[in-house]
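Read the structure below first, then the notes.
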Amino acid sequence: MSVSERRSITGRTLPARPTRLAGSGTVGAGTTSYRDPVDLTLLETTLRERGEPAYRGGQVWEWTARGAAGYEAMTNLPGDLRDELAASVPFSSLTVETERESRDGTVKTLFRTADGHPVEAVLMRYRDGRRSLCLSSQSGCPLTCTFCATGAMAFGRNLTASEILDQALHFRRLTEVDHAVFMGMGEPMLNLDEVLAATLRLPDLGITNRRTTVSTVGWLPGLKRFVDEVDTPLRLALSLHAPDDELRSRIMPVNERYPLADVLAECRRHVAGTNRRVFVEYVMLAHVNDSPEQGRALARLLGRDEFKVNLIPYNPTGMYDGSSRERIAAFKAQLDRARVPATVRLTRGRDIEAACGQLAAAPRSPRGRTAARA
Ligand code: SAH
């Protein structure tokens, strides 16, 4: 897709691939043990070919990370350089296809990669002022958790670090942001290098690694690497959803491959190494995983000291019925009694299918579509 086509889709100058800078060592997080997220740095090449000083790349990234709308806003760059960048280096690796805002202020955006894959991400605004991003690590997801809408759509591919960061940068242009969760489309542990490369740059947008959570089904090869290699204070979340292998395998086929005991052992290793609890996500499915006995089994499985449970009201995807408030409360009471920390997650953005498990991009719309908002 040419630059001019990109422009016609969004109706404005489309911003660049800021993360083409990543790994360059010239800006942001500095050197990293993770693989360089992007192949060729188009921006850097362009700057170098023009004979620009080395600090230019850093200037562009600083503006971008602080929410600049495009090169034209970068007033400490010479005007002719701004024009040339606008003409030759796209400002984002993603185009906005549609954007919807929920009554509660949640915004869900459907993006397209340059090669046509759908990607969704969500901005959540809370009363206390917190602004949290729910980011995708893949287009679609190859795992087929039975309650999750993303698992039912076709898997596209892993996203690059640029494509992950460009989701965040899009929302940064709307508002200040301070938290991120990798709980959008995809399994981050299947795309760990790109996810980690993106997390190294999120602090420049205002999202520290302490306020960034990577959520996994328990994909063991990636999880082991996460525990062994990550030396930043990223938080870990495990999508558990069942207190025993039999049930878990039924609702999450990945459990056949990587059973509970092995996954929990890795999580405990993470706690031992970081001294920080692992979040456990547990979606409440009526009469499937929500009985008081299952609550007690969950408490026994986790113990008091290493995990914090988030009970998630089921967001309708057509597959199950969600647990009633009463059943969720009775389940939580079992955890409370066993002194296992537990909270019930607030549901956001359900009216626009932006809630947990509801991200599943609509089929590709015909050519000539227009973006709702960029
Ligand atoms: N693949 C990773 C990252 C996606 S996180 C993971 O599964 O952890 C998405 C979160 O939403 C997971 O905890 C998932 O189990 C949960 N979820 C999926 N479908 C849901 C639904 N219909 N209602 C509520 N939560 C759901």
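Treat the numbers as computed from the prediction; the structure is a model and nothing was measured. Every number for a ligand or one of its atoms is a count from 1 in the order of the listing.
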Honestly, is Arg66 close enough over Trp61, meaning NZ or CZ under 6.0 Å from the six-membered ring centre and within 45° of the axis?
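No, cation not above the ring by the 6.0 Å, 45° rule.
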Should Lys332 and Asp336 count as an ion pair when the cut-off is N to O under 4.0 Å?
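Yes, Lys332 and Asp336 are salt-bridged.
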Could you tell me, for ligand 1, which of its N or O atoms are under 3.5 Å from any protein N or O, listing the pairs and their distances rounded to 0.1 Å?
| from | atom 1 | to | atom 2 | distance (Å) |
| --- | --- | --- | --- | --- |
| ligand 1 | 1 (N) | Gly186 | O | 3.0 |
| ligand 1 | 1 (N) | Glu187 | OE1 | 3.0 |
| ligand 1 | 7 (O) | Ser239 | OG | 3.3 |
| ligand 1 | 8 (O) | Ser215 | OG | 2.6 |
| ligand 1 | 8 (O) | Thr216 | N | 3.4 |
| ligand 1 | 8 (O) | Ser239 | OG | 2.6 |
| ligand 1 | 13 (O) | Ser239 | OG | 2.7 |
| ligand 1 | 13 (O) | Glu281 | OE2 | 2.8 |
| ligand 1 | 15 (O) | His241 | NE2 | 2.5 |
| ligand 1 | 22 (N) | Phe147 | O | 3.1 |
| ligand 1 | 22 (N) | Asn315 | O | 2.9 |
| ligand 1 | 23 (N) | Asn315 | N | 2.9 |
| ligand 1 | 23 (N) | Cys356 | O | 3.3 |

Check: [X]/[Y] side-chain N/O donor and acceptor closer than 3.5 Å:
X: Thr95; Y: Arg112; answer: no
X: Thr109; Y: Glu99; answer: yes
X: Thr216; Y: Glu187; answer: yes

Tabulate below the donor-acceptor pairs under 3.5 Å that side-chain atoms of residues 301-310 make, not counting sequence neighbours, or state none.
| from | atom 1 | to | atom 2 | distance (Å) |
| --- | --- | --- | --- | --- |
| Glu306 | OE1 | Arg268 | NE | 2.8 |
| Lys308 | NZ | Thr343 | OG1 | 3.4 |
| Asn310 | OD1 | Thr343 | OG1 | 2.9 |

